[in-house]
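It should be emphasised that the depicted structure is a prediction, and the values quoted were computed from it without experimental measurement. Throughout, a chain's letter reflects where its sequence line sits, starting with A, and its residues are numbered from 1.
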Amino acid sequence: MADDKKLTTREADFSAWYNEVVLRAELADYSPVRGCMVIRPDGYGIWERMQRALDDMFKATGHRNAYFPLFIPQSFLAKEAEHVEGFAPETAVVTHGGGKELEEPLVVRPTSETIIYAMFAKWVQSYRDLPLLINQWANVVRWEMRTRLFLRTLEFLWQEGHTAHATHDEAQEEARKMLGVYRTFMEGWMAMPVITGLKSESEKFAGALRTYSCEAMMQDNKALQAGTSHNLGQNFAKAFELKFQTEAGGTDFAWNTSWGVSTRLVGGLVMTHGDDKGLRVPPMLAPTEVVIVPIWRKDEERSRVLEAAHRIRASLLEVQRSDRGSLRIHIDARDSMKPGAKYYEWELRGVPVRMELGPRDIDANQAVVVRRDTGVKKIVSLDALGGEITTLLEQMQDEMLAAARERREAHSMRGPITYDAFRQVMEGAGGFVYAGWCGRAGCESQIKEDTKATIRVMPDEEFRSPEAPVACLMCGQPATAEAMWAKAY
RNA sequence: CGGGACGUAGCGCAGUCCGGUAGCGCACCUGAAUGGGGUUCAGGGGGUCGCGGGUUCGAAUCCCGCCGUCCCGACCA
């Protein structure tokens, strides 16, 4: 029955829609282990492209990849007081090995600060060894109570950068720089606009001096923390004796930063760009940018059309694109499906451009080119195909970002707002609300209790309102900062 | 850990109230026709009804216990 094939609409039930898209587009599946997710080839293909792009950006900023152990002695976590308090409740702990009870339990890493800075302490002697710029691609485990595909799973894949510097300012600059790298990636590759800024004390990373974050708005108007970057100060250096000899001859503790993004980004991509037909993948991240659907009735047409399709693909592969490599094109030559069924499938999977190619097109030296984001069809001469398609892909990349940004701004509120009005917003459609904050944790927690909204960030200057808020949203006392409030994932 | 719902074929479900030996749609296999937006027809394969116990001539159905999953809260990338 045709109706069974339709997706749940986003408007009706965003969560159900999200789960259905992830499962039906074959990005991921539930595993036999509760809370753990299996990432299927289609989902991993997107993650792989994300990885490659990020890794190139890390290399370009001087970072090198390394790998550290999965197991962390329990005592390591305990060395930094706030850190253990933050992470201990959600760790998985190995108590037995080789059939015997271990003398000291091993924690499966929830994050690797402790084990990495223990090693840094061995590697750093002098200021000449600094800065030390390391990145690790790894899996981590956090024993969450409730899980959600890609967004919150017990085990997840991520990268975690860890650096050591000689001065506070240098570490601070690093933390800010990597936040910028994340923003460039999220906006430039994912077409997902973000608000950057500083986390409040209560929301910052356990053990950090300051936490910065990229916050994106999903289509249900909730915020997704898409990436974080921490200035760890000397907290971990002191805990792990990460000391170095200064240029002046004395000794000092190093200054650390850490920063990470995870497979959560794949979920963010789905929730930013998906529509009622399924996924929409921005061209930069699409494992397949163009799918050619050949159309035929008879056998002689079939061979003629397929031959043309291969010829077109070969010519498109020749097209030079300065920084994007050659076009990624797939020909869907399956005999078992009608063209219409193929269209629906590729739309569900989010391939940016579909090319329909039938005998009539070939006779007319043309193809029908359809964009996934807007659904607009265009008849293109085969002679102009290379230029048309590369231009179209670039245009789609830009327009998807612009559309997402426009959507976010349409659901953002600035300027004076009463607490009652704020509560109504949060109980209703939600969105990002920029308002004053007195800086006290009491007001922050009260608002969270009332509305479930939290301070996502104190926005960086470019995101701040033209008129700085004068009063705290909650208590009305003078505001010390502008805070961006939203419900979050 | 509190509140709610559910567990029947690979997936989605009906059947449970009122007990009689398991069914529908999709998917899958075979054949034929079809083919520019989810093809049609015919035939076919596949289930110890979550697990354990009890009641009964007889249990998917009633009773007891356990396990698991999902959703809503508290916690979090």
Sequence neighbours excluded - salt bridge (charged side-chain N to carboxylate O under 4.0 Å, His left out) pairs with any residue from residues 270-280 of chain A: A/R10-A/D276, A/D275-A/R372
Of all pairs that satisfy salt bridge (charged side-chain N to carboxylate O under 4.0 Å, His left out), the ones with a partner from residues 287-306 of chain A, not counting sequence neighbours: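 The answer is A/E289-A/R321, A/E289-A/R328, A/K298-A/E301, A/R302-A/D335, A/R304-A/D363.
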Please identify each residue that fulfils salt bridge (Lys or Arg N to Asp or Glu O under 4.0 Å) with A/E203, with sequence neighbours left out. A/R456
Near RNA chain B, counting only heavy atoms under 4.0 Å, which residues of [range] show up?
range                       : answer
residues 283-299 of chain A : A/I295, A/W296, A/R297
residues 206-218 of chain A : none
residues 341-370 of chain A : A/A341, A/Y343, A/Y344, A/E347, A/R354, A/E356, A/G358, A/P359, A/R360, A/D361, A/V368

Got a sec, which residues hit ring-ring contact (aromatic ring centres under 6.0 Å, His included) with [X], two or more places apart in sequence or on another chain?
X      : result
A/H310 : none
A/H63  : A/W259
A/F87  : A/H83, A/F205

Please name all residues satisfying side chain to side chain donor-acceptor pair (under 3.5 Å) with A/S75, sequence neighbours left out, ordered by chain then number. A/E104
Using both distances under 3.5 Å as the test, list the Watson-Crick or G-U wobble partner of B/G38, or none. none
For B/G25, which nucleotide in any strand shown is its Watson-Crick or wobble partner with both distances under 3.5 Å?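 Its partner is B/C11.
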Scan residues 439-451 of chain A for pairs that pass side chain to side chain donor-acceptor pair (under 3.5 Å), counting only residues two or more places apart or in two chains.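 For residues 439-451 of chain A, and leaving out neighbouring residues, the side chain to side chain donor-acceptor pair (under 3.5 Å) pairs sorted by first residue read A/S200-A/E444, A/S202-A/E444, A/Y419-A/D450, A/Q446-A/D450.
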I'd like a list of close polar pairs between nucleotides 1-3 of chain B and the protein, N/O only, cut-off under 3.5 Å.
none

Report the nucleotide, chosen from B/C70, B/G37, B/G36, that has the shortest atom-to-atom distance to any side-chain atom of A/K377. B/G37
